[in-house]
Amino acid sequence: MDLLSFARGPALKVALTIFCLGVVWRIVGFALLRIRLDRSPARASVPKFLAGGLLTIGTRSWPHPEFIARTGAGEAIGYSYHMGLFVIVLLFGPHIAFLGSLFGFTWPGLPSSLITVISVLTVTLFLAVLFRRVTNPVIRMLSNFDDYFSWFITMAVMATGIAATAHLGGPYQTLLAHHILSVDVLLVWFPFGKLMHAFYIFPSRAINGAILARKGATS
Amino acid sequence: MGVGANLAPAEKRSHEAQVAGAMSGFARETGALSAFRLESCIHCGICADACHFYIATEDPQYTPIWKVEPFKQAYKREASAFAPLFRLLGLKREVTADQLAQWQHLLFDSCNMCGRCSLICPMGIDVAALIEQARHAMFEAGLAPAELYQKAAHQQLTGQPESSAEPYRDKLLAIGQQFGVEIPLDKPQAEVMLCVPRTDIEHYPASVAALARVMQHLQVSCTFRSDGLVAENYGYYAGGMAWQRDISRRLIDQAIACHASILLVPECGHAYAALRWEAADLYGKPLPFRVLQVSEFLAEQLASGRLKLRPSGTGATTFQDPCESARKGGVNHAPRALMKAMGIELHEQKNHGGFSFCCGGGGGVLDIERAAPLRYRTMENKLREIDDTGASTFLTSCSDCRRTFDDAKTHFDWQKTPQSLLELIADNLMGAAPRT
């Protein structure tokens, strides 16, 4: 078995298995803990506070005017590279073909040249994120192995992807194998670290937003 | 005196017992919601930009989510889905007693529990709720600051946070005599049960008289109760849940005893939070009466036409929203409706309503003596915002805010005097003779 076959064969299967079981286990791990019901009467009706939760999903995607001067730049970088990642993962032809083989359907993508430009921009933003993490005293203090390894493995996926697309640094088959292997490692790491925020972000905003809306509190 | 030196309640405990107490307290309280909040943090540090302690000092340790770091560490090591793995690989160290002692400064001296950090998190995490939970654990560990611990202990035992030369009941009656208003006390039955901040009894008696005068004017059946007078809850500040429950229970029992349909919380932000949003949970069942902040109650009276106010003629006015009742409790519109009814020309601060900066004294910080220098530093921005409104009158509806600003007035030689919204209302009741 050559490296590419290994990467997209048994390695990918093992990685996907760990990914799925790990994600479920991590969510079950806290979801089964005690849920304390709030006995204080709500200020808002049930539909209103549920709507408040859903609204928070949207409102937290953009800083409140009171905060934007302090946080605007950081949030712009953060959201931009996330959007770049989504575009690359979901709208690049070979990725669509791969995902199509998993889900059974495909969708239109973007031209490769455009994806290349977006990839370079995303990598640049990702480097800026790392620079910020090591230079900003607050973020540096909060950072741990999880933050740096999650950054590293995501960067590895992007870098090997660009190398494979541009045929840089070796035979295409080897470059593609490196890319898929890096994805395998990312999938294995995913449930153990902060990458889980991909699953948490919207429920977290909605639940906390609904709880605040129930009180009529600001959200 | 270094951080952690002011640890009266913990003096007799070993370091190991402190850690075990804190961590077991935290683990006991970590339900699905708290665990989800702890799991969701992405270490972006944005919450720092909402916190006035960080904004004033640019010191990273004041980043709100960092204030719960030992507890996040303990949760991941002890209770998270991959806890065995974290322990096996040594990825999460055990929380040490020294670490916890250092965090006393972060959880008590430099946090007003104002909840502004909960508005900025891109993951939507209610950071303030985690900090409140961490305070519970610190209390369990004997690491509540001595000032808060002692007041909570005294209040749990006697109903008063501090001893006084004469009981508050007698002081209340004396205030009635001084201001020429009847103080309804210990009526066996009343529609509304009243309570009072001891800050008002000690420092702002006119506010106590104003409450009685407004209720008298509205002809509402109401009463104070000798066995449930004090609105404040130092158990809430200190993090002692059992004491918080007992302190709330005094008021709950008295409200039930006089068959009140409303427990009216006076101008005291944290008293509102403790009674409106937390008392029922600690009591173990829904309360058989409504809990209303006095502004809410009066706004309801205004809307129903029972309360009519005349123009106050106060000129340009700004208003300090108490964090616990406004941002965290949803009482934003009521005070503004009342001010509008008095024709007040409201000059809002740059950050107002739900986004207002805390006065700096909330969360018990005003009571912690060693926290004063840092508190003054954070207040500078707040005072600037107030000054920038150009308002000549400065109102609030929280006696702790008022006391904090009065203290700032002395410390900074600040020119404004914080006034009570309730007192202004009592002075401008339509149909009542103006007070001289």
Side-chain angles (χ1 to χ4, degrees), chain A residues 22 25-41 43-44 56-57 60-61 63-67 70-71 74-75 78-79 133 136-147 191-192 194 196-197 200-209 211-212 215-219, chain B residues 30-37 39-46 48-50 54-55 58 60-61 63 65-66 69 79-82 85 91 115 118-126 129 276-281 283-287 290-291 326-332 350-351 353-355:
Chain A
W25 178 242
R26 183 145 170 205
I27 292 171
V28 165
F30 68 79
L32 289 184
L33 292 172
R34 178 177 52 92
I35 294 176
R36 197 169 59 192
L37 296 174
D38 193 341
R39 295 186 177 91
S40 58
R43 187 186 296 282
T56 306
I57 293 176
R60 289 298 168 96
S61 300
H64 290 296
E66 287 80 358
F67 301 132
R70 294 188 66 89
T71 67
E75 292 204 68
Y79 283 118
R133 188 163 285 284
N136 181 301
V138 168
I139 307 176
R140 190 173 61 230
M141 180 188 69
L142 293 173
S143 298
N144 57 21
F145 173 80
D146 180 11
D147 297 291
F192 299 97
K194 68 183 293 188
M196 275 296 287
H197 76 273
Y200 290 160
I201 185 163
F202 294 134
S204 175
R205 288 177 181 178
I207 291 168
N208 285 287
I211 291 169
L212 293 174
K215 296 178 177 179
T218 310
S219 174
Chain B
T30 302
L33 183 59
S34 300
F36 188 34
R37 286 169 175 152
E39 291 262 350
S40 299
C41 178
I42 54 170
H43 297 169
C44 68
I46 279 180
D49 288 305
Y54 174 75
I55 292 171
E58 298 279 327
Q61 69 170 328
T63 303
I65 197 69
W66 183 249
E69 181 64 19
S80 68
F82 296 117
L85 207 60
L91 293 175
S118 301
L119 304 181
I120 200 172
C121 175
M123 293 296 290
I125 301 168
D126 187 349
R276 174 66 176 88
W277 300 114
E278 300 195 1
D281 282 343
Y283 185 54
K285 53 188 174 186
L287 303 179
R290 294 171 74 203
V291 176
R327 173 165 36 252
K328 292 168 77 179
V331 185
N332 282 312
K350 184 180 169 198
N351 292 280
F355 291 89

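It should be emphasised that the depicted structure is a prediction, and the values quoted were computed from it without experimental measurement. Below, chains carry the letters A, B, ... as their sequence lines are ordered, and counting in each starts from 1.
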Given the options Thr56(A), Asp147(A), Ile139(A), which has more heavy-atom pairs under 4.5 Å with chain B than any of the others? Asp147(A)
Where on Cys121(B) is there a heavy atom nearer than 4.5 Å to chain A: the side chain, the backbone, both, or neither? both
Side chain, backbone, both or neither: which part of Tyr283(B) has an atom under 4.5 Å from a heavy atom of chain A? neither
So which of Ile35(A), Leu212(A), Asp38(A) has the largest heavy-atom pair count under 4.5 angstrom toward chain B? Asp38(A)
Top residue by heavy-atom pair count (under 4.5 Å) with chain A, among Val331(B), Ile125(B), Asn332(B)? Ile125(B)
Mind telling me whether Phe82(B) and Phe192(A) have parallel, tilted or perpendicular rings, with 30° and 60° as the class edges? tilted
Measuring heavy-atom distances to chain A, does Val291(B) have an atom under 4.5 Å in its side chain, in its backbone, in both, or in neither? neither
Heavy-atom distances under 4.5 Å only: say whether Arg276(B) touches chain A with side chain, backbone, both or neither. both
Under 4.5 Å from a heavy atom of chain A, the part of Ala48(B) involved: side chain
Measuring only between side-chain heavy atoms, which start at C-beta, is Leu33(B) closer than 4.5 Å to Arg36(A)? no
Contacting region of Ile207(A) [heavy-atom separation from chain B under 4.5 Å]: side chain
By a 4.5 Å heavy-atom criterion (distance strictly below it), what part of Ile211(A) contacts chain B: side chain, backbone, both, or neither? side chain
If you round to the nearest 0.5 Å, how far is CG of Asp146(A) from CG of Leu91(B)? 9.5 Å
Determine the option with the most heavy-atom pairs under 4.5 angstrom with chain B, choosing from His197(A), His64(A), Lys194(A). His64(A)
Provide the closest heavy-atom pair for Ala280(B) versus Ser40(A) in the form atom of the first, atom of the second, distance. CB-N, 4.0 Å
Less than 4.5 Å to any heavy atom of chain B: does that hold for the side chain of Pro63(A), its backbone, both, or neither? neither
Please assess Asn208(A) against Arg37(B) for the test side chain to side chain contact (heavy atoms under 4.5 Å, CB included), listing each intermediate value before the final yes or no. CA-CA 9 Å; Asn208(A) 285 287; Arg37(B) 286 169 175 152; 2.7 Å; yes
Glu278(B) portion near chain A, given a 4.5 angstrom heavy-atom threshold: neither
Per-residue contact mode, Leu287(B) against chain A (heavy atom under 4.5 angstrom): neither
Atom of Asp281(B), atom of Arg39(A) and distance for their closest heavy-atom approach: OD1-N, 2.8 Å
Name the option with the most non-hydrogen atom pairs under 4.5 Å to chain B; the candidates are Gly78(A), Ser204(A), Gly29(A), Gly22(A). Ser204(A)
From CA spacing to verdict: side chain to side chain contact (heavy atoms under 4.5 Å, CB included), Asp49(B), Phe67(A): CA-CA 7 Å; Asp49(B) 288 305; Phe67(A) 301 132; 5.9 Å; no
For Ser40(B), is it the side chain, the backbone, both or neither that has a heavy atom under 4.5 Å from a heavy atom of chain A? both
Atom group of Pro203(A) that falls short of 4.5 Å from chain B, counting heavy atoms: both
Which pair of heavy atoms, one from Ala81(B) and one from Arg26(A), lies closest together, and at what distance? CB-CA, 3.6 Å
Between Tyr79(A) and chain B, which part of the residue has a heavy atom less than 4.5 Å away: side chain, backbone, both or neither? side chain
Which of Cys44(B), Gly354(B), Gly353(B) touches chain A most, by non-hydrogen pairs under 4.5 Å: Gly354(B)
Shortest non-hydrogen contact from Gly124(B) to Arg60(A)? CA-NH1, 3.4 Å
Can a donor-acceptor pair be found, under 3.5 Å and without considering hydrogens, that links the side chain of Arg43(A) to the backbone of Gly329(B)? yes
Between Glu58(B) and Arg70(A), the two heavy atoms sitting closest are OE2-NH2, 3.4 Å
Is Arg133(A) in contact with chain B via its backbone, its side chain, both, or neither, using a 4.5 Å heavy-atom distance? side chain
So, for His43(B) and Leu142(A), which heavy atoms are closest and what is the spacing to 0.1 Å? ND1-O, 3.2 Å
Between Ser118(B), Pro122(B), Pro286(B), which residue shows the highest count of heavy-atom pairs closer than 4.5 Å to chain A? Pro122(B)
